[in-house]
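For reference, the structure discussed in these notes is given below.
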Number of protein chains: 2
Amino acid sequence: MKKEKEIFNQFLSRKNLRATPQRDLVLDVFLTREDHITAEQLYDVVKKNDPSIGQATIYRFLKLMLDAGLAREVDFGDGVMRYEGSYNHPHHDHLICRGCGKTIEVVDSVIEELQRRVAESFGFELTDHEMYLYGLCEVCRKK
Amino acid sequence: MKKEKEIFNQFLSRKNLRATPQRDLVLDVFLTREDHITAEQLYDVVKKNDPSIGQATIYRFLKLMLDAGLAREVDFGDGVMRYEGSYNHPHHDHLICRGCGKTIEVVDSVIEELQRRVAESFGFELTDHEMYLYGLCEVCRKK
DNA sequence: TTGTTAATGATAATCATTATCATCACATGA
DNA sequence: TCATGTGATGATAATGATTATCATTAACAA
């Protein structure tokens, strides 16, 4: 069994929540995805395996994943929240092409350190941050 | 007359749009604000001066301001868009307290340069970015 | 097996924002 | 001055993602 499933089940029992076939299925589908996914996209794929599932179950599942620390929200500012697995997938930021929407995960430890320092210089203790770099990828630039 | 009003009126005539008392009033109110403001907050203040104004006019006005380059959108991820004046108010990022919601404008030229480099290293030409630093301010940390 | 209570699916509600549309009022030309 | 074309307005409906509600179903511990 995948480690994430183990953690998720531990999380459920710790919170006195129940393991259900729906949660199992949605988690399976979620784990097949490499990158971020919207609730709707997840719903569409899950429906192929079980057309009787409701989308409320998807949204509830995603909340649980956040709570369990197994997923993160990604907000590209287009009005739809995306979710990405966070197990064995450390923090990173996103580089997004304004042309084709392609996204690349990036991380720069110097930037991270500077962010902490900037926060500290204002008396803040940094808890987290969001950084989205928008630009044009090589392909889109040539058009 | 404030420079922003001059620019806004030039923008209107260039686009064959009309100067109206409503736009005048909303712009006046908008310019009194130092920091960012939501459409609803702007609407509430404007209503005190002219209760007959509709909120659609507020939203339309904000779109025009973006178009004219006189305002920027700020998205703190709480489902409400905020707007800040951009005339004589260069780019900056935001440091937000998770405790009390206080925001501080920050800018770090080294981070900006590194962002450009990160993008370039993936073949991207950086057009813009969003960076939100979340933490706890000095006051909230003591609680 | 049963009883408790969480989970589900359908659907209504929410909330910010956008679209629609009838009416109004600028600005230009006669 | 007045007519006219068209942009602007305000009221309201629509949208779209997400959340709440609720009757019914199903885990799971005893």
Side-chain angles (χ1 to χ4, degrees), chain A residues 5 8-30 36-68 71-83, chain B residues 5 8-30 36-68 71-83:
Chain A
K5 302 183 77 165
F8 189 64
N9 287 327
Q10 281 171 10
F11 169 80
L12 291 179
S13 75
R14 177 158 39 85
K15 293 267 188 175
N16 287 317
L17 303 178
R18 292 168 185 170
T20 67
Q22 287 89 340
R23 284 175 178 168
D24 249 36
L25 169 61
V26 180
L27 179 54
D28 276 337
V29 172
F30 184 82
H36 37 73
I37 189 174
T38 66
E40 197 188 351
Q41 290 170 333
L42 183 56
Y43 178 50
D44 286 344
V45 180
V46 168
K47 257 193 309 191
K48 288 178 187 158
N49 293 274
D50 178 0
S52 74
I53 210 155
Q55 58 181 337
T57 298
I58 305 291
Y59 279 102
R60 285 185 286 235
F61 166 82
L62 289 169
K63 286 260 175 292
L64 290 177
M65 289 291 280
L66 292 177
D67 230 33
R72 272 190 296 262
E73 290 184 319
V74 185
D75 179 7
F76 291 161
D78 61 352
V80 196
M81 199 57 82
R82 276 156 242 266
Y83 298 84
Chain B
K5 302 183 78 167
F8 189 64
N9 287 327
Q10 281 171 11
F11 169 81
L12 291 179
S13 75
R14 178 159 38 87
K15 293 266 187 176
N16 287 319
L17 303 177
R18 293 169 184 169
T20 68
Q22 288 89 340
R23 286 176 177 168
D24 249 37
L25 169 60
V26 181
L27 179 54
D28 275 337
V29 172
F30 183 82
H36 37 73
I37 188 173
T38 66
E40 197 189 352
Q41 290 170 334
L42 184 56
Y43 179 51
D44 286 344
V45 180
V46 167
K47 257 192 308 190
K48 288 177 187 160
N49 292 274
D50 178 0
S52 74
I53 209 156
Q55 58 181 335
T57 298
I58 304 293
Y59 281 101
R60 285 185 285 236
F61 166 81
L62 289 169
K63 287 260 176 291
L64 290 177
M65 288 292 279
L66 292 176
D67 229 32
R72 273 189 295 262
E73 289 185 319
V74 186
D75 179 8
F76 292 160
D78 60 353
V80 196
M81 198 58 81
R82 275 157 243 266
Y83 299 84

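Throughout, protein chains are lettered first and strands after them, A, B, ... in sequence-line order, and every chain is numbered starting at 1. Just so we're clear, the structure is a prediction, and the values are computed from it rather than from any experiment.
Residue B/Arg23 contributes atom CZ, which lies 9 Å from atom C1' of D/dT9 at whole-angstrom precision. Distance CG (B/Leu25) to P (D/dA8): 17 Å, rounded to an integer number of Å. To the nearest angstrom, C1' of C/dC15 lies 12 Å from CG of B/Asp78. Atom-to-atom, CG of B/Leu64 to P of C/dT18 comes out at 12 Å; the value is rounded to the nearest Å. Regarding A/Asn16, its CG atom lies at a distance of 17 Å from the C1' atom of D/dA26, rounded to whole Å. Taking atom CZ on A/Arg14 and atom C1' on D/dC28, their separation rounds to 19 Å, with Å as the unit. Distance A/Leu62 CG to C/dA7 P: 15 Å, rounded to the nearest Å. For the pair A/Phe11 CZ and C/dA6 C1', the interatomic distance rounds to 14 Å; values are reported in whole Å.
Under the 4.5 Å side-chain criterion, counting only non-hydrogen atoms from C-beta, A/Met65 is in contact with A/Leu27. For the pair B/Leu62/B/Leu66, no side-chain contact is recorded, criterion being any heavy-atom separation below 4.5 Å from C-beta on. Between B/Val46 and B/Thr57 there is no side-chain heavy-atom pair separated by less than 4.5 Å. Taking 4.5 Å as the limit, every side-chain heavy atom of A/Glu40 sits out of range of all side-chain heavy atoms of A/Val80. Side-chain contact between B/Arg23 and B/Leu12: present, with at least one pair of heavy atoms (C-beta onward) separated by less than 4.5 Å. Between B/Arg72 and B/Tyr83 the shortest side-chain heavy-atom distance does not fall below 4.5 Å.
For residues 39-64 of chain A, the ring-ring contact (aromatic ring centres under 6.0 Å, His included) pairs, not counting sequence neighbours, are A/Phe8-A/Phe61.
At distances below 3.5 Å, at least one donor-acceptor pair connects side-chain atoms of A/Asn49 with backbone N or O atoms of A/Val45.
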What string of B, S and - do you get for nucleotides 25-30 of chain C, 5' to 3', when a contact is any protein heavy atom under 4.0 Å? BB----

Mark up nucleotides 10-20 of chain D, 5' to 3', with B wherever a protein heavy atom is under 4.0 angstrom from a base atom, S wherever such an atom reaches only the sugar-phosphate, and - elsewhere. BB-----SBB-

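To the nearest 0.5 Å, the span separating CG on A/Asp75 from CE on A/Met81 amounts to 4.5 Å.
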